[in-house]
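Single-structure report; data block below.
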Amino acid sequence: MLSLKSVRDEDLLRQLLQLVKQSRRIEAELVAHIAEVELRRLYAQEACSSMFEYCRRILCFRENEAYLRITVARAARENPVLLEMLRDGRLHLSGIARLAPHLSRQNSETVLKRACGMSHREIRELVSELEPRPDAPPSVRKLPHRPAPANATP
């Protein structure tokens with residue numbers, strides 16, 4: 001690991017910002033590659049039955065890492081702007097994956113504009129607005145009858 005103790009504070013902050021930008025750019029490229037590999041079904045050349053298996057077995061992603069990137073890759077095929085938003089940091093992987101099932105041709109521009117810069121929690125709230133669930137129906141149920149203990153006094 002690099003020793004950063006001798007790096008001046010302002011240089012360290014500048015380098016960190018550059019690394020974050022580079023990381024976002026690479027993440028967007030990685031997702032784009034996953035989309036293309038899946039589209040061409042190239043995972044089969046590696047004896048994998050799915051892109052998920054390829055990501056797990058060949059790329060050594062954890063299950064959640066594979067799921068997020070594949071979900072975003074599929075969504076980006078429908079909405080290429082998602083890769084740009086991932087690249088420049090307007091949206092993050094987990095946010096895009098959460099939004100993807102709720103995006104349509106009619107709402108994507110508006111929804112994505114609203115989601116820019118939101119945290120994961122805020123995006124969950126936005127999704128709740130987009131697809132509200134009905135309230136659970138009230139239910140009443142009879143509790144089982146329990147006999148009184150034998151040593152209880154009336």
Side-chain angles (χ1 to χ4, degrees), residues 1-139 141:
M1 174 139 176
L2 296 173
S3 175
L4 299 173
K5 293 179 185 195
S6 63
V7 178
R8 296 180 327 169
D9 292 351
E10 54 274 2
D11 291 337
L12 185 63
L13 291 172
R14 183 180 43 75
Q15 290 171 5
L16 178 59
L17 184 58
Q18 287 177 342
L19 287 170
V20 168
K21 288 178 182 179
Q22 182 181 1
S23 173
R24 288 178 179 151
R25 195 171 52 252
I26 289 171
E27 189 70 61
E29 287 184 40
L30 175 64
V31 167
H33 279 71
I34 288 172
E36 190 63 25
V37 166
E38 184 177 43
L39 187 64
R40 296 183 195 186
R41 299 178 52 88
L42 297 178
Y43 52 82
Q45 294 179 10
E46 298 294 326
C48 294
S49 62
S50 68
M51 191 65 208
F52 184 79
E53 183 185 357
Y54 181 82
C55 286
R56 290 281 296 128
R57 199 163 52 85
I58 305 300
L59 301 180
C60 299
F61 286 158
R62 290 187 195 101
E63 291 173 350
N64 63 323
E65 294 172 316
Y67 168 79
L68 285 176
R69 285 168 180 83
I70 292 168
T71 301
V72 172
R74 290 173 180 165
R77 285 200 302 254
E78 298 294 318
N79 294 294
V81 69
L82 291 172
L83 289 179
E84 294 172 33
M85 297 176 92
L86 181 61
R87 183 179 293 114
D88 63 26
R90 286 179 282 167
L91 283 175
H92 44 84
L93 271 177
S94 61
I96 296 172
R98 174 78 63 174
L99 286 170
H102 307 283
L103 295 176
S104 67
R105 293 181 199 269
Q106 295 80 16
N107 75 1
S108 64
E109 187 176 338
T110 305
V111 170
L112 293 176
K113 191 174 192 177
R114 281 185 67 192
C116 284
M118 284 186 167
S119 68
H120 189 76
R121 181 187 51 78
E122 292 168 327
I123 288 177
R124 277 198 326 258
E125 291 171 7
L126 174 59
V127 166
S128 294
E129 287 177 35
L130 296 172
E131 301 283 333
R133 293 183 180 167
D135 292 336
S139 65
R141 63 184 178 103

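Along the sequence shown, the residues carry numbers beginning at 1. Keep in mind it's a predicted model, so treat the numbers as computed, not measured.
Annotation: the span from Leu86 atom CG to Ile96 atom CD1 amounts to 4.5 Å, rounded to 0.5 Å. Atom CZ of residue Arg124 and atom CE of residue Met118 lie 12.5 Å apart, to the nearest 0.5 angstrom. How far NE2 of His33 is from CD of Glu36: 9.0 Å, rounded to the nearest 0.5 Å. Here the straight-line distance linking atom CG of Leu13 with atom CG of Leu17 works out to 9.0 Å at 0.5 Å rounding. In this structure, Asn79 CG and Arg74 CZ are separated by 15.0 Å, a value rounded to the nearest 0.5 Å. Interatomic distance, CD of Glu65 versus CG of Leu59, reported as 10.5 Å (0.5 Å rounding).
When all heavy atoms are compared, the tightest approach of Gly95 to Ile123 is CA-CD1, 3.5 Å. Closest heavy-atom contact between Leu126 and Ala115: CD2-CB, 3.9 Å. Of all heavy-atom pairs spanning Leu103 and Val111, the tightest one is CD2-CG1, 3.7 Å. Minimum heavy-atom separation, His102 to Asn107: O-ND2, 2.9 Å. Taking every heavy atom of both residues into account, Thr71 and Ala100 meet most closely at CG2-CB, 4.3 Å. Residue Ile58 comes nearest to Cys48 through the heavy atom pair CG1-SG, 4.0 Å, listed as atom of the first residue, atom of the second, then distance.
Listed by first and then second residue, the salt bridge (Lys or Arg N to Asp or Glu O under 4.0 Å) pairs involving residues 79-103 are Asp88-Arg90 (not counting sequence neighbours).
When only modelled atom types and interatomic distance are considered, Tyr43 and Arg41 share a side-chain donor-acceptor pair under 3.5 Å.
Classification of Arg121 and Glu125 as a salt-bridged pair holds, one side-chain N sitting under 4.0 Å from a carboxylate O. Arg77 has a carboxylate O that lies under 4.0 Å from a charged side-chain N of Glu38, or vice versa, which qualifies the two as a salt bridge.
Within the 4.5 Å cutoff, the side chain of Ile34 has no heavy atoms near those of the Val72 side chain.
By the side-chain hydrogen bond (donor to acceptor under 3.5 Å, both in side chains) test, Ser6 is found to be paired with no residue, residues two or more places apart in sequence or in another chain being considered.
At most 12 heavy atoms of other shown residues, nucleotides or ligands fall within 6.0 angstrom of atom CD in Glu78. Shown here is Phe52, whose CZ atom has more than 12 heavy atoms of other residues, nucleotides or ligands within 6.0 Å. In the displayed structure, Glu109 atom CD is contacted under 6.0 Å by at most 12 heavy atoms of other residues, nucleotides or ligands.
Not one N or O on the side chain of Arg69 forms a donor-acceptor pair closer than 3.5 Å with the backbone of Phe61.
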